[in-house]
Amino acid sequence: MYKKVLSCVLAISLAFCISAKEKSIKQQIHEDFLYFKECITQAYVNYDEAKKDYGFDIDDCIKEAEKMYLKKSGRSKEIDRVLISYCINTYFYDHLGFVDEHFGIKAQSDFVNYFDRNYANFTNIFFEKKDDDFFVYSSDELKIRKNDKYTGNQDSLKKCIHDGKILYRYIVMDKSDLTETEISINGNTYKIKCFFDGYANKEDWFTFKETDKSLYFALKDCMYIPDALHQEEYNKITEQLISISPEKNIILDLRSNMGGDKHLLEELLIPMFYKVEYKDFNNYNTLSNIVYSGSKTLNSLMISEAKLKNALKYNYSLESMAYFKNEVEEQKKNPKRYYSGLENLGYNFLPQNGNEKLNGTLYILLDRSTASAAEHGIAFSYLFNRDKVVLIGTNSCGALESGEAYTYTLPNSKVEIELPSRDYRKSTLLINNPHWNGDSKGFYPDYWTSKDELLQTLQFLTDDDSLAEAYRSFVGS
């Protein structure tokens with residue numbers, strides 16, 4: 001009898017311990033979702049707009065996400081970081097109401113979100129335009145012949161250079177990489193092959209190649225790296241750009257450039273277009289006010305603390321550190337959540353004031369991995385002189401309508417949340433740019449080009465035959 005009673009007591013105790021453990025995990029998960037709510041309400045620049053204009057309900061979002069997590073995790077005794085990321089992403093994507101590519105969650109190695117992006121899928125079918133109609137110029141599909149008439153949606157015909165002339169290539173935009181698609185020819189629908197063009201390979205942080213007519217300049221990313229070698233490389237870049245002949249064309253290769261600090265490309269673009277370099281440009285504050293007028297920035301104690309943490313992580317200057325520390329102290333004394341920014345000043349371009357330099361053309365190479373600060377540089381270049389900027393490649397990533405993102409860590413799972421604190425959608429930077437199509441769609445190029453046709457496209461546009469010798473290993477890769 002005694003053994004039976006003891007066994008019952010032990011069984012009840014064990015069950016209680018298991019229940020307490022499960023409750024502890026549930027409590028930790030609940031705390032993480034509550035902290036996610038605090039991050040969204042205190043540190044996400046577009047929260048108020050999402051709530052007001054799109055009916056975004058953060059309480060409903062985290063309630064459903066937490067419910068999904070508990071259902072999928074079962075009686076697990078460990079926190080599943082990947083599952084938390086999945087649940088938050090799923091309901092944030094479903095509820096937000098618009099695309100924001102600077103929202104991200106990192107449970108493993110990279111920040112991810114579930115917003116659909118538009119990818120270019122190439123075919124080898126080219127068309128000539130005659131009046132308002134398009135006719136096959138060449139095709140690798142036997143069933144589609146020269147002079148057949150295109151009868152589909154003309155949005156899929158993208159301007160390109162092929163066989164030394166301006167033609168139109170059939171390119172399908174889709175959220176996935178396709179191997180097969182459909183085309184309408186002579187009123188009939190055909191299945192045809194298509195392909196994703198791959199990524200550009202860049203080993204060095206920057207590359208210069210120069211001919212008599214052109215300067216090719218490739219930049220792998222827009223990250224500042226605080227070391228002597230990087231500074232030496234950066235000085236070489238600025239010296240080269242300052243000394244370049246105004247008559248030369250500049251080919252700026254931003255393919256596979258995922259961004260970093262937006263100011264880096266600003267600093268490099270100024271000596272391309274202006275006679276003075278960034279550090280000597282005494283009207284920079286005026287210029288900056290014009291570029292960013294119409295944008296808005298969210299300020300809060302949580303954001304100020306994230307800025308300071310970011311500055312410490314990347315070894316900012318002592319002056320910058322002191323600024324961010326002071327900002328945190330002021331917020332602690334008087335916590336305020338508020339927006340700051342200038343009204344849009346109505347400029348379509350930046351004032352030149354007799355400081356113009358570039359007489360040639362700036363050709364910018366882009367692809368689906370051209371993102372964030374690299375896209376910022378594209379938008380910035382248009383404000384100098386949009387008549388001297390030509391985009392070549394495929395559409396960019398589309399991660400520019402928000403920025404200045406900082407990282408917040410959920411207390412128990414340690415899942416990281418990246419949230420933007422600045423909204424650029426109504427800024428001078430973007431509002432008048434005809435090539436910008438929004439987050440997830442990006443910049444659309446003037447000439448759509450696959451890697452195998454990039455060199456001939458550049459030769460055609462620059463009239464520079466020597467590019468073949470100087471650049472083949474770079475622009476063709």
Side-chain angles (χ1 to χ4, degrees), residues 118-129 134-142 144-146 148 150 154-174 177-181 183 192-202 207 209 211 213-218 249-257 361-370 374 378 389-397 435 442-477:
N118 278 14
Y119 297 132
N121 295 276
F122 285 83
T123 72
N124 286 318
I125 305 176
F126 297 87
F127 294 84
E128 285 185 292
K129 186 176 183 181
F134 295 85
F135 298 87
V136 175
Y137 172 82
S138 66
S139 168
D140 65 349
E141 300 279 347
L142 295 177
I144 297 173
R145 298 178 176 84
K146 187 175 177 65
D148 282 350
Y150 178 73
Q154 293 186 359
D155 288 343
S156 294
L157 300 184
K158 309 295 188 184
K159 187 164 70 170
C160 67
I161 306 298
H162 180 71
D163 270 3
K165 59 179 68 178
I166 296 176
L167 297 173
Y168 295 83
R169 191 171 189 171
Y170 188 66
I171 297 174
V172 177
M173 306 301 293
D174 195 86
D177 295 330
L178 305 176
T179 57
E180 187 178 71
T181 187
I183 190 171
I192 57 172
K193 301 184 297 293
C194 61
F195 62 93
F196 157 54
D197 194 40
Y199 299 97
N201 298 315
K202 297 179 186 173
T207 302
K209 285 287 180 179
T211 69
K213 291 184 178 180
S214 311
L215 171 73
Y216 171 80
F217 169 34
N249 296 308
I250 299 175
I251 301 168
L252 176 59
D253 192 346
L254 297 179
R255 295 175 300 158
S256 295
N257 186 320
T361 299
L362 173 63
Y363 297 98
I364 302 179
L365 311 185
L366 65 162
D367 64 14
R368 65 163 71 176
S369 291
T370 304
I378 295 172
V389 179
V390 176
L391 304 184
I392 302 171
T394 69
N395 63 307
S396 62
C397 172
H435 287 278
F443 284 100
Y444 278 19
D446 296 279
Y447 297 95
W448 293 72
T449 309
S450 52
K451 289 191 298 182
D452 62 328
E453 302 225 328
L454 182 53
L455 183 57
Q456 68 162 287
T457 299
L458 288 170
Q459 287 178 295
F460 178 90
L461 294 173
T462 62
D463 192 29
D464 188 351
D465 291 334
S466 59
L467 285 175
E469 181 67 25
Y471 298 175
R472 189 179 302 278
S473 62
F474 298 100
V475 300
S477 63

Thinking salt bridges, do Arg368 and Asp177 make one under a 4.0 Å N-O criterion? yes
Considering non-hydrogen atoms only, spot the tightest contact between Tyr137 and Lys146 and give its length. O-NZ, 3.3 Å
Looking at Lys213 and Asp463, would you say the former's side chain and the latter's main chain have a donor-acceptor pair under 3.5 Å? yes
Can Leu458 and Asp464 be said to form a side chain to side chain contact (heavy atoms under 4.5 Å, CB included), step by step? CA-CA 8 Å; Leu458 288 170; Asp464 188 351; over 6 Å; no
Once rounded to the nearest 0.5 Å, what's the spacing between atom OG1 of Thr123 and atom CD1 of Ile192? 5.0 Å
Close side-chain approach of Leu454 to Arg255, heavy-atom, < 4.5 Å: yes
Verdict with supporting geometry, Phe122 and Tyr119, ring-ring contact (aromatic ring centres under 6.0 Å, His included): CA-CA 10 Å; Phe122 285 83; Tyr119 297 132; over 10 Å; no
Does Tyr170 have Lys158 sitting over its ring (NZ/CZ under 6.0 Å from centre, angle to axis within 45°)? no
Report the C-alpha separation of Thr457 and His162 in whole Å, then their side-chain angles, then the decisive distance to 0.1 Å, and conclude whether the side chain to side chain contact (heavy atoms under 4.5 Å, CB included) test is met. CA-CA 7 Å; Thr457 299; His162 180 71; over 6 Å; no
Find the distance between CG (Asp446) and NE2 (His435) and round it off to the nearest 0.5 Å. 4.0 Å
Atom pair CG/OG of Asp148 and Ser139 - distance to nearest 0.5 Å: 8.5 Å
Nearest non-hydrogen partners of Ser450 and Arg169, listed with the distance: OG-NH1, 2.8 Å
Check the side chains of Asp367 and Tyr199 for a donor-acceptor pair under 3.5 angstrom, ignoring hydrogens and angles. no
First locate atom CD1 of Ile144, then atom CD1 of Ile183, and finally report the distance between them rounded to the nearest 0.5 Å. 5.0 Å
Which is it for Phe134 and Glu128 under the side chain to side chain contact (heavy atoms under 4.5 Å, CB included) test, yes or no, and what are the steps along the way? CA-CA 6 Å; Phe134 295 85; Glu128 285 185 292; over 6 Å; no
Any donor and acceptor pair, going by atom type alone, linking the side chain of Ser396 with main-chain N or O of Leu366 inside 3.5 Å? no
All heavy atoms of Ser369 vs all of Ser256, minimum pair found to be CB-CA, 3.6 Å
How far apart are the C-alpha atoms of Val136 and Arg145, what are their side-chain angles, what is the distance that settles it, and do they pass the side chain to side chain contact (heavy atoms under 4.5 Å, CB included) test? CA-CA 7 Å; Val136 175; Arg145 298 178 176 84; over 6 Å; no
What ring pair (Phe, Tyr, Trp, His ring centres under 6.0 Å) pairs are there with at least one residue in residues 447-468, not counting sequence neighbours? Tyr444-Trp448
Over 60° means perpendicular and under 30° means parallel, so tell me whether Phe127 and Tyr150 are parallel, tilted or perpendicular. perpendicular
Rounding to 0.5 Å, atoms OH (Tyr216) and CG (Leu365) come to a distance of 6.5 Å
Working to the nearest 0.5 angstrom, can you tell me the gap between Thr181 OG1 and Ile171 CD1? 12.0 Å
Quick one: does any side-chain atom of Asn124 pair with a main-chain N or O of Asp140 as donor and acceptor, under 3.5 Å? no
N/O donor-acceptor pair under 3.5 Å between Thr370 side chain and Leu254 backbone: yes
Can a donor-acceptor pair be found between the side chains of Asn249 and Thr462 at a distance below 3.5 Å? no
Applying side chain to side chain contact (heavy atoms under 4.5 Å, CB included), name anything that partners Glu180, two or more places apart in sequence or on another chain. Lys191
Do Asp163 and Phe126 have side chains that approach each other closer than 4.5 Å (heavy atoms only, starting at C-beta)? no
Between Asn395 (side chain only) and Gly442 (backbone N and O only), is there a donor and an acceptor less than 3.5 Å apart? no
Decide yes or no for Ile161 and Thr449: does some side-chain heavy atom of the first lie under 4.5 Å from some side-chain heavy atom of the second? no
Is it the case that the side chain of Thr361 and the backbone of Tyr363 share a donor-acceptor pair, with hydrogens and angles ignored and the cut-off at 3.5 Å? no
